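For reference, the structure discussed in these notes is given below.
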Amino acid sequence: MTAQPTNLAGIDLRAEIDRLRKEKNAVILAHYYQKPEIQDLADYIGDSLELSRKAAASEADVIAFCGVKFMAETAKILAPEKIVILPELDAGCSLEDACPPDKFRAFREAHPDHIALTYINCSTEVKALSDVIVTSSSAETILAQIPREQKIIFGPDRHLGGYLNRKFDRDMLLWPGVCIVHEAFSETELIKLKAQHPGAPVAAHPECPPHIVDHADYVGSTSGILNYAKTMTGDTLIVATEPHIIHQMELALPAKTFIGAPGADGNCNCNICPYMALNTLEKLYVALRDLSPQIRIEEGLRLQAKKSLDKMMEMASGTVGKGDLGGRG
Ligand code: 13P
Ligand code: SF4
C-alpha cells in the first residue's frame with residue numbers, strides 16, 4: 001500500500017493541491033465514484049471513456065488520476081510521455097482481480113476462432129491479450145460493428161456481457177467476473193424502496209446483476225446515468241450504482257431527490273467502492289508534491305495493450321458519454 005501521508009496537520013490541502021497543480025502543469029482527472037472533496041477540485045470528472053479521452057488529449061505534463069489503477073494505467077498507455085500519478089497504488093478493481101492474465105491467455109487459446117472483446121476494467125496484460133476494449137458507454141456502439149457470425153469472448157464482467165447478449169441477441173462467451181459493488185444490491189430491498197417511492201424511476205449501471213437491471217427504467221454508464229437524471233421529468237430517482245455519483249446529481253439538480261439503491265442490510269454503505277475510497281485529499285497532495293506513486297508500464301507491453309485501446313477509440317468515435325446502453329436488457 002502507498003505510504004500513509006504524515007505530518008500534514010496545518011496544511012491547507014485544497015490550496016496546496018491547487019498550487020502544485022499549477023507548478024507541475026498537472027491535470028486532475030476524477031471518476032464519478034471519487035469522494036465529493038476530490039470531485040470538487042478535479043479539472044475533469046467523467047466516466048471511463050471520457051477520462052481516457054481526456055488523458056489522451058491532455059497537454060499537461062502530469063496526469064493526477066483519481067480513480068482506480070486500471071484507469072490510471074489506461075492514461076499511461078495512451079499518453080506515455082506524461083507522468084501519471086495515482087494517489088493510492090492499491091486502488092484496484094474486483095473485475096481486474098477476477099481475470100488473471102495467464103488464465104485469460106489459456107481461455108483465449110482454448111477458443112482460437114473467437115475474438116476477445118474486453119471491458120476496460122482489466123489489467124494492462126489482459127488488454128494486451130485482447131482485440132478490442134469497450135467501456136460501458138461504448139460497448140453497444142462497438143458491438144454493433146462486429147458481424148453477428150463472429151464468435152466473441154467477453155470478459156471480465158459477466159453481467160455487462162450478459163446484458164449485451166440479452167439486449168442484442170448475441171451469444172458471446174462470458175468470463176465469470178463480477179463487480180463486488182454492483183453485485184451487492186438487493187432485489188428485495190429495491191422492491192421495498194420502489195414501493196416507498198411510487199413512480200420514481202430506477203437508473204442502473206450494467207455491471208448490476210440481471211435481477212437489478214430488470215427493475216431499471218434506464219441502464220447506462222455513469223455519465224449516462226447522470227444525463228438521465230438531468231433529463232428525467234420526475235422529482236425522485238433511485239440510483240443503482242456507486243453512490244458517490246449522487247454528488248454530481250445534487251449539484252446539478254438541487255431540487256430533486258436521489259436515493260442510492262440499497263444493499264442486503266437495507267442501506268447502501270456496502271455499495272461504496274472500497275478501491276475508489278482509498279484515494280484521499282491527503283494522498284493526492286502527497287502524490288502531486290512527490291510525483292509518486294507513478295504508473296510505469298514496460299514499453300513492449302504498453303504497445304501491445306495500446307492496439308486494443310486504439311481499436312476502441314476508433315470504433316467508439318461518435319460515442320459521447322450519454323450511456324448508449326439506455327433501456328432495459
Ligand atoms: P463507467 O465507465 O460507467 O464510469 O464505469 C466504470 C466503473 O468502474 C463502474 O464500476
Ligand atoms: Fe471495479 Fe466495481 Fe469499483 Fe468499478 S465499482 S472500480 S467495477 S470494484
Side-chain angles (χ1 to χ4, degrees), residues 29-35 39 42 44-55 65-75 86 88 90-99 118-123 126 133-142 155-161 163-164 175 177-185 203-209 212-213 216 218-229 239-249 260-261 263 268-279 309 312-313 316 319-326:
L29 305 183
H31 190 264
Y32 291 118
Y33 297 167
Q34 289 293 284
K35 297 178 205 306
Q39 293 188 34
Y44 298 102
I45 315 171
D47 70 12
S48 302
L49 181 63
E50 292 164 336
L51 293 177
S52 300
R53 284 179 168 150
K54 281 287 176 213
F65 211 114
C66 298
V68 290
K69 196 169 175 198
F70 78 79
M71 296 178 175
E73 285 183 349
T74 301
L86 178 66
E88 170 55 66
D90 275 356
C93 171
S94 67
L95 284 168
E96 175 174 347
D97 293 346
C99 193
T118 305
Y119 193 30
I120 198 166
N121 297 36
C122 65
S123 63
V126 167
I133 299 299
V134 300
T135 63
S136 53
S137 59
S138 62
E140 179 179 333
T141 308
I142 291 174
D157 185 3
R158 73 182 165 96
H159 292 322
L160 173 58
Y163 175 79
L164 293 166
W175 185 267
V178 295
C179 161
I180 50 165
V181 172
H182 291 84
E183 186 78 353
F185 291 119
H205 197 280
E207 288 174 12
C208 290
I212 298 297
V213 164
Y218 175 82
V219 183
S221 72
T222 50
S223 290
I225 291 173
L226 185 57
N227 286 345
Y228 179 78
V239 181
T241 193
E242 214 273 2
H244 284 115
I245 193 174
I246 290 176
H247 180 57
Q248 289 304 318
M249 296 175 181
C268 58
N269 281 344
C270 51
N271 303 112
I272 287 176
C273 175
Y275 307 101
M276 291 273 182
L278 290 173
N279 293 323
L309 276 168
M312 170 182 83
M313 293 301 194
T319 305
V320 286
K322 59 182 166 52
D324 285 347
L325 300 166

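In each ligand, atom 1 is the first atom listed, and ligand 1 is the first ligand listed. Only a predicted model underlies this, so the values are computations on that prediction, with no experimental measurement involved. Every heavy atom of this structure was used, including side-chain atoms; hydrogens, water molecules and symmetry mates were not.
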d(Ile120 CD1, Met71 CE) to nearest 0.5 Å is 8.0 Å

What protein N/O/S atoms are found closer than 2.8 Å to atom 2 (Fe) of ligand 2?
Cys179 SG

Is it the case that Glu207 and Tyr119 place a side-chain donor and acceptor less than 3.5 Å from each other?
yes

Which distance, rounded to the nearest 0.5 Å, do you find between the SG of Cys179 and the CD of Glu96?
13.0 Å

Using side-chain hydrogen bond (donor to acceptor under 3.5 Å, both in side chains) as the criterion, list what pairs up with His31, not counting sequence neighbours.
none

Is a side-chain N or O of Asp47 found less than 3.5 angstrom from the main chain of Ser137, in a donor-acceptor match?
no

With sequence neighbours left out, the residues meeting side-chain contact (heavy atoms from CB on, under 4.5 Å) with Ala55 are Leu29, Ile63, Ala75

With distance as the sole criterion, is a donor-acceptor pair present between the side chains of Ser138 and Thr135 under 3.5 Å?
yes

I'd like to know if the side chain of Tyr275 pairs up with that of Ser94 as donor and acceptor (distance under 3.5 Å, no hydrogens or angles considered).
no

Will you find, in the side chains of His205 and Thr222, an N or O donor that is under 3.5 Å from an N or O acceptor?
no

Using a strict cut-off of under 4.0 Å between a residue heavy atom and any atom of ligand 1, list the qualifying protein residues by chain and number.
His31, Tyr33, Asp47, Ser48, Tyr119, Asn121, Ser136, His182, His205, Glu207, Ser221, Thr222

